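Note sheet for the following structure.
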Amino acid sequence: MPTDPMPDFPAGFRWGVSTSAYQIEGAVAVDGRGPSIWDTFAHSPGRIVDGSTGDVACDHYHRHTEDVDLMAGLGVSAYRFSIAWPRVQPGGTGAANPAGLDFYDRLVDDLLARDIDPVATLFHWDLPQPLEDAGGWLNRDTAHRFAEYADLTAARLGDRVKLWITLNEPFVHMSLGHGMGVHAPGRMLLFDAFPVAHHQLLGHGLAVGALRARSTSPVAIANNYSPVRLAGDTDADRAAAAAYEALHNRLFTDPLLGRGYPAGQDFDAGVVRDGDLAVIAAPIDVLGVNYYNPTAVRAPEEGSPLPFDLVPLDGYPRTAFDWPVAPDGLRELLGWLRDTYRDDLPPIEITESGCAYDDAPDDTGRVPDPERIAYLDGHLRAVRAALDDGVDVRGYFVWSLLDNWEWAEGFTKRFGLVHVDFDTQVRTPKSSYAWLRDVIAASRRAPAA
Ligand code: FCB
């Protein structure tokens, strides 16, 4: 258990929690919602480790009032949630479904009534299935459909959402969903998945324009980043690390910040049309950074289809996901972003940071999670150190408020500050919830740092 007091954070630092629609909402056939690629994928045998689906998840759709109370009790100043595109446009195109937007309208008003800033992500991987049937993100038209959906959503919520996030982790959606086939839609295209990168980025740029026309609130994207650690000292290892860095950290950032695609990538850029890069580089107000762990990389084995080999990173404790707990990687990453993008880098918010452990109630009904407290303590200190290094970090959102449905891992990975019994839907704040509540309260009392 950490004992040193947490250092102060700047006045106005945004404390938040993050979730996403398919992972918590349930109510998949309610109020006109259409199917998404995650409904299809989760219902396909063998895709999810425990055979579960997000049909009910945390039943947040019906319990959002209780969940907003939990946020208020924690004292957060912001809540990052995602809007389910198939609730707004059940078929992926055409007029908005008012009942679907009503849910988010109520949620936004509930949040504002509790002084919590609504931070809305437009796409957290739940593409309407009819758009997938037409090619999904391999099809350029999906970028235009995304902008249309952004317009419909901002027309309804643009006066109250305080920060827009266009896409969540387009790298992960490309690589796990379209490269390796472990996430929806389950395609295994390896480097032929590049059109998915380009069309997501194009959709982002078009959506920035649509949001600006409807809302004066700032606009961001949430990228996943992983600092690359060399696991070898040959030139081939260094080349492999550079290739991985370009793919994971730069492919979705260089073009956003006006630098075009990184050179030397092994993909066919034939889908990039004149003018696209200017659309993609539409100015954003905030860069959302989702950080979980560094990646150790060395040269690939002979005959590997990939230009790198990912290996375990030694020397760190590990979460239940077997991810290394490396807060030093967060400070390193923030420094890397500043040094790489310099004046082009907008202010940063950490839009996801968190860990999974096998948390369970003890005999007294409490849920002790000392590892999560240690994790959050370390990562908050890393953010504080990055601020001292001169990086402009404006907020930190914990992934996640609730234990929820963790994609291909189903219900087997618990990331919440609040334990959820998935049989009864009973929510029990863990000890990390009380710890974070006290950190936030102390930071509010502190003189501006
Ligand atoms: C991120 C996702 C989020 C959650 C966490 C653990 O990659 O954005 O939905 O699954 O990982």
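These figures come from a predicted structure and were not determined experimentally. Just follow the structure's listing: the first ligand is 1, and inside any ligand the first atom is 1.
Here the heavy atom of the protein found nearest to atom 3 (C) of ligand 1 is Glu352 OE1, 3.4 Å. Of all protein heavy atoms, the one closest to atom 7 (O) of ligand 1 is Glu169 OE1, 2.5 Å.
At a threshold of 4.0 Å, the pair Arg33-Asp39 counts as salt-bridged, since one of the basic side-chain nitrogens sits closer than that to a carboxylate oxygen. Taking a cutoff of 4.0 Å between a charged side-chain nitrogen and a carboxylate oxygen, Arg87 and Glu25 qualify as a salt bridge. By the 4.0 Å N-to-carboxylate-O rule, Asp67 lies too far from Arg63 to be salt-bridged with it. Salt-bridge annotation for Arg394 and Asp285: absent, with no side-chain N of the basic residue lying under 4.0 Å from a carboxylate O of the acidic one. Arg381 has a carboxylate O that lies under 4.0 Å from a charged side-chain N of Asp377, or vice versa, which qualifies the two as a salt bridge. Contact check on Arg366 versus Asp362 returns no salt bridge, with no Lys/Arg side-chain nitrogen under 4.0 Å from an Asp/Glu carboxylate oxygen.
Remark: ligand 1 and Glu406 share an N or O pair separated by less than 3.5 Å (distance only, no angle test).
Panel note: side chain His183, backbone Ala408; no donor-acceptor pair is recorded below 3.5 Å.
Atoms of ligand 1 lying under 4.0 Å from at least one heavy atom of Gln23, given by number and element, are 3 (C), 9 (O), 10 (O). Using a 4.0 Å cut-off to heavy atoms of Phe415, the atoms of ligand 1 that qualify are 6 (C). In the vicinity of Asn168, heavy-atom distances shorter than 4.0 Å reach the ligand 1 atoms 8 (O).
Close to ligand 1: His124, with a non-hydrogen atom less than 4.0 angstrom away. By the 4.0 Å heavy-atom criterion, Phe321 is excluded from the residues contacting ligand 1.
Nearest-heavy-atom check against atom 11 (O) of ligand 1 across Tyr292, Trp407, Trp405 picks out Tyr292.
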